[in-house]
Engineer: 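The structure's right below; bear with me while I get my questions together.
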Amino acid sequence: MSRIFLLDDNTPFSLSETLSCGQVFRWHEENGWWQGVCQGRLIRIRQIGNRLEYSGCDETFLVYYFHLDADLNSILDSVNKDEYINAAIEKHRGLRIIRQDPWECLLTYICAQNANIPFIERMLSNMSEMSGEVIKTESGTAHAYPTSEKLSLVCETDVSGCSTGYRSSYICSTAYEIFSDKMWADKIYKADYESARKEIMRYKGIGRKVADCILLFGFQKYESFPVDRWVDRIMHKYYGVGDSEKPLSGGEYEKIRKFGQEYFGRYAGYAQEYLFADR
DNA sequence: GATACTCCTCCCCC
DNA sequence: AGGGGGAGGAGTA
């Protein structure tokens, strides 16, 4: 039983740009249909023009998850400061920042350190198959993300068996911290960007870059401006900040991040995603 | 506070 | 086919 959602002319949205730009890692496309796992759901969706056809969630969730309630054109206008970002916007308009579940997002980005996309996908699907609840829908069966409770109960060897490598100790330690503090996400939500960042970086396996990704994708702190190797190169090439030759030091990271935030403003994170998509 | 090294897996290239 | 090197961030000394 699938539902239909019609996008109006003022609501640009590209499902494929949004799902394949490297913010989520449990979505796959087959014959025009995307299928993915998030927050206990197995969602199946396709886009033909301004028409979304989907199953596995209700409309409220669809709009929330894909940030369809945001006025994307205004957001993009606000960050459209020069010809480089303008080119990226024209090419990828419709890319939206997904609202991820805080815990699923945090787990994802601990895995994402020192890893490329297929590797991240493998770690997450391995852990989900090991400890995630089974989700059954008419379009198939999948495993949800493991909860922090489940992951704090399994041993580090099991997590390590999911190809997570040295990240397994970070995952177990942080899963336990989060499971033991029911209010962890509320505290981060309520805090402003800088204090939320300090708070979240206390968990093992969360440094500057991972913290900025989690705040952007899991906590809707849109001024967050994560700087990975790609963004480092782009910012050096177009804006002359940083030195893309040297490995990115902590100080350099902060310089580039602050430049991005001051230059692009309160939706700097959207600018970052568009520049990244255009890499 | 800044630097160098290690941690682990995947992937590409020879 | 097997081995070496590079890519990717956080933690530690």
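To find a chain, count down the sequence lines: A is the first, B the second, and so on, and within it residues start at 1.
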Engineer: What's the CG-P distance between A/Asp228 and C/dA10, to the nearest Å?
Structural biologist: 10 Å
Engineer: Out of the candidates A/Phe5, A/Phe13, A/Tyr54, only one should pair with A/Phe66 under the ring pair (Phe, Tyr, Trp, His ring centres under 6.0 Å) rule; please name it.
Structural biologist: A/Phe13
Engineer: To the nearest Å, give me how far apart CD1 (A/Ile117) and C1' (C/dG8) are.
Structural biologist: 12 Å
Engineer: Identify the heavy atoms of A/Ser2 and A/Glu53 that sit nearest to each other, and give their distance.
Structural biologist: OG-OE2, 3.6 Å
Engineer: Measuring to OP1 and OP2 of C/dG11, would you say a side-chain N or O of A/Arg202 lies under 4.0 angstrom away?
Structural biologist: no
Engineer: Remember a base hit wins even if backbone is also touched, and classify A/Ile206 as base, sugar-phosphate or nothing at under 4.0 Å, heavy atoms.
Structural biologist: sugar-phosphate
Engineer: Just how far, in rounded Å, is P of B/dT3 from CG of A/Leu248?
Structural biologist: 12 Å
Engineer: Rounded to the nearest Å, what distance is computed from the OH atom of residue A/Tyr253 to the C1' atom of nucleotide C/dG8?
Structural biologist: 14 Å
Engineer: Verify, without hydrogens or angle tests, whether A/Gln261 (side chain) and A/Glu223 (backbone) share a donor-acceptor contact under 3.5 angstrom.
Structural biologist: yes
Engineer: Output yes when A/Arg99 and A/Asp69 qualify as a salt bridge under the 4.0 Å nitrogen-oxygen rule, no when they do not.
Structural biologist: yes
Engineer: Taking protein heavy atoms under 4.0 Å as touching, what does nucleotides 9-14 of chain B look like 5' to 3' if B marks base contact, S marks sugar-phosphate-only contact and - marks none?
Structural biologist: BSS---
Engineer: Any side-chain N or O of A/Trp230 under 4.0 Å from OP1/OP2 of C/dG8?
Structural biologist: yes
Engineer: Do the rings of A/Trp27 and A/Tyr65 sit parallel, tilted or perpendicular, given the 30° and 60° boundaries?
Structural biologist: tilted
Engineer: Mind checking what makes ring-ring contact (aromatic ring centres under 6.0 Å, His included) contact with A/Phe217, not counting sequence neighbours?
Structural biologist: A/Tyr109
Engineer: Whole Å only: how far is the CG atom of A/Asp212 from the P atom of C/dA10?
Structural biologist: 9 Å
Engineer: C/dA10 C1' sits how many Å from A/Arg197 CZ, rounded?
Structural biologist: 13 Å
Engineer: Quick one: label A/Tyr203 by what it contacts on the DNA or RNA (base, sugar-phosphate, nothing), any heavy atom closer than 4.0 Å.
Structural biologist: sugar-phosphate
Engineer: Mind calculating the distance between CE (A/Met127) and C1' (B/dC8) to the nearest angstrom?
Structural biologist: 14 Å
Engineer: Angle between ring planes, A/Tyr263 versus A/Phe259, binned at 30° and 60°: parallel, tilted or perpendicular?
Structural biologist: parallel
Engineer: Rounding to an integer number of Å, can you tell me how far A/Arg229 CZ sits from C/dA10 P?
Structural biologist: 12 Å
